[in-house]
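Comments concern the structure below.
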Amino acid sequence: MKEEQQYEITICSDSVGETAEAVVRATIRQFDAHQVRTKRIGHIKTEDEIRTIMEEAAKRGGFVAYTLVQPELREMMKEEAVRLGVRAVDIMGPMMQAFIDTWGDAPKRKPGLLHQLDEDYFRRVEAIEFAVKCDDGRDTSALLKANLVLIGVSRTSKTPLSIFLAHKGIKVSNLPLVPEVKPPKELFLVPGNRIVGLTMDADKLYKIRTERLKAVGLPFGAKYAAMERIDEELRYAQALMKQVGCLVINVTDKAIEETAGIIMGYLN
């Protein structure tokens with residue numbers, strides 16, 4: 001791709017378009033495509049809207065990705081793509097057709113089913129609110145209400161992992177471990193199988209903390225990123241994790257999704 005040129009992917013949906021956007025963004029990450037921007041258009045109802053959208057896309061270049069469950073809208077999208085010479089990628093259609101061909105079932109053709117306000121949706125919302133409220137040891141009394149307690153020293157991915165798991169409906173509280181701060185008594189009342197300890201190789205943690213110092217404008221060599229201090233914190237954390245009898249995961253070079261998969265398998 002030429003650096004000076006801007007590219008656009010138009011995302012269309014008869015619902016909110018989150019499914020198509022997630023696929024598009026996952027694809028963009030596979031390329032060096034910093035100059036690619038996305039434009040999302042949701043709640044499409046008529047064929048006229050599709051004509052207008054496709055004509056605009058033809059003027060700007062790029063391509064269109066869409067999730068349209070109504071067959072007449074999908075057909076119009078295909079016709080306009082051919083007429084205007086715009087590439088259009090049907091993200092949901094082939095999957096629905098495979099379902100029909102394999103089991104002979106008919107789709108409901110109702111937009112937005114993925115985001116229906118069902119019991120699972122409210123459970124996820126509640127879990128996300130819980131994770132935010134209990135982040136970084138803010139509410140130690142909630143440790144006993146959590147489905148899972150994450151413990152570990154600073155910069156071992158406790159917060160992003162808490163939010164990721166919350167999106168799966170798991171109520172997570174996370175607690176930073178610092179040698180000078182006595183753990184709350186509630187931690188020792190939580191069953192060990194509901195606690196997971198996160199650790200990391202010292203050299204990796206050193207690099208992460210050093211970058212963190214740069215990001216917040218603190219001087220290089222601060223105690224927070226000193227190797228001696230990191231070793232001390234890791235030894236303290238290891239001893240405490242052994243004391244509470246929890247699963248310990250070394251997150252060095254692990255993606256959040258990978259660590260979450262290990263934890264969900266453990267909880268199940």
Side-chain angles (χ1 to χ4, degrees), residues 126-168 170-264 266-267:
E126 185 180 2
I128 292 168
E129 291 175 348
F130 185 90
V132 171
K133 176 186 175 185
C134 304
D135 184 43
D136 214 25
R138 289 177 188 161
D139 184 1
T140 57
S141 65
L143 292 174
L144 297 173
K145 302 173 186 175
N147 303 130
L148 174 71
V149 176
L150 296 176
I151 59 175
V153 301
S154 175
R155 314 313 293 181
T156 50
S157 303
K158 296 185 300 298
T159 296
L161 188 55
S162 295
I163 298 300
F164 186 94
L165 290 168
H167 278 278
K168 304 296 182 181
I170 302 170
K171 289 184 179 180
V172 185
S173 179
N174 76 74
L175 184 69
L177 301 181
V178 182
E180 294 80 11
V181 179
K182 185 177 180 181
K185 63 181 184 302
E186 289 87 354
L187 177 64
F188 302 100
L189 299 176
V190 179
N193 61 2
R194 277 172 41 203
I195 304 174
V196 170
L198 304 178
T199 189
M200 184 180 287
D201 293 350
D203 56 345
K204 177 71 172 182
L205 192 55
Y206 172 79
K207 291 177 183 177
I208 292 174
R209 288 192 178 184
T210 300
E211 289 300 316
R212 179 60 178 166
L213 288 181
K214 293 179 185 177
V216 298
L218 292 175
F220 179 79
K223 183 180 179 182
Y224 173 74
M227 185 60 80
E228 183 179 351
R229 171 63 179 183
I230 290 172
D231 285 334
E232 177 190 4
E233 289 186 26
L234 288 174
R235 286 194 301 270
Y236 167 76
Q238 185 178 21
L240 184 59
M241 291 170 192
K242 185 177 180 180
Q243 183 181 352
V244 297
C246 66
L247 171 70
V248 178
I249 301 175
N250 189 320
V251 299
T252 306
D253 297 325
K254 278 188 174 63
I256 295 296
E257 295 86 350
E258 184 180 358
T259 306
I262 295 171
I263 291 173
M264 288 188 290
Y266 172 71
L267 291 178

Test: Arg209 and Glu233 ion pair at under 4.0 Å: yes
Contact summary for Pro184 and Leu143, nearest pair of heavy atoms: CG-CD1, 3.9 Å
Heavy-atom check, side chain of Tyr206 versus side chain of Thr210, under 4.5 Å: yes
Nearest heavy-atom neighbours spanning Gly192 and Tyr266: O-OH, 4.1 Å
Considering all heavy atoms, the nearest Val149-Leu187 contact: CG1-CD1, 4.2 Å
Approximate separation, where rounding is to 0.5 Å, of Arg155 CZ and Arg212 CZ: 4.5 Å
Donor-acceptor under 3.5 Å (Asn174 side chain, Leu150 main chain): no
More than 12 heavy atoms from other groups under 6.0 Å of CD on Glu257: yes
Side-chain heavy atoms of Phe130 within contact of Val172, under 4.5 Å: no
Neighbour count above 12 (heavy atom, 6.0 Å) for Lys254 NZ: yes
Separation between SG of Cys246 and CG of Leu198, rounded to the nearest 0.5 Å: 9.0 Å
Arg138 and Lys133, any side-chain heavy atoms less than 4.5 Å apart: no
Audit row: Ser157, Ile256, side chain to side chain contact (heavy atoms under 4.5 Å, CB included) steps and yes/no: CA-CA 8 Å; Ser157 303; Ile256 295 296; 3.7 Å; yes
Atom of Ala237, atom of Leu177 and distance for their closest heavy-atom approach: CB-CD1, 3.8 Å
Donor-acceptor contact below 3.5 Å, side chain Thr259 vs main chain Val251: no
Working for side chain to side chain contact (heavy atoms under 4.5 Å, CB included), residues Leu161 and Ile263: CA-CA 10 Å; Leu161 188 55; Ile263 291 173; 3.7 Å; yes
Separation between CG of Leu267 and CD1 of Ile262, rounded to the nearest 0.5 Å: 12.0 Å
From Thr199 atom OG1 to Leu234 atom CG, the distance as rounded to the nearest 0.5 Å: 5.0 Å
Criterion salt bridge (charged side-chain N to carboxylate O under 4.0 Å, His left out) on Glu186 and Arg194, from CA distance to verdict: CA-CA 13 Å; Glu186 289 87 354; Arg194 277 172 41 203; over 6 Å; no
Where Pro176 and Asp136 come nearest, the two heavy atoms and their spacing: CG-OD1, 3.4 Å
Straight-line distance of Met264 CE to Leu148 CG, nearest 0.5 Å: 11.0 Å
Name of the residue among Ile163, Leu165, Ile170 meeting side chain to side chain contact (heavy atoms under 4.5 Å, CB included) with His167: Ile163
Atom pair CE (Met200) and NZ (Lys207), whose distance is rounded to the nearest 0.5 Å: 11.5 Å
For the student: nearest non-hydrogen atoms of Arg229 and Pro179, plus distance: NH2-CD, 3.7 Å
Exam field: side chain Asp201 to backbone Asp203, donor-acceptor pair closer than 3.5 Å: no
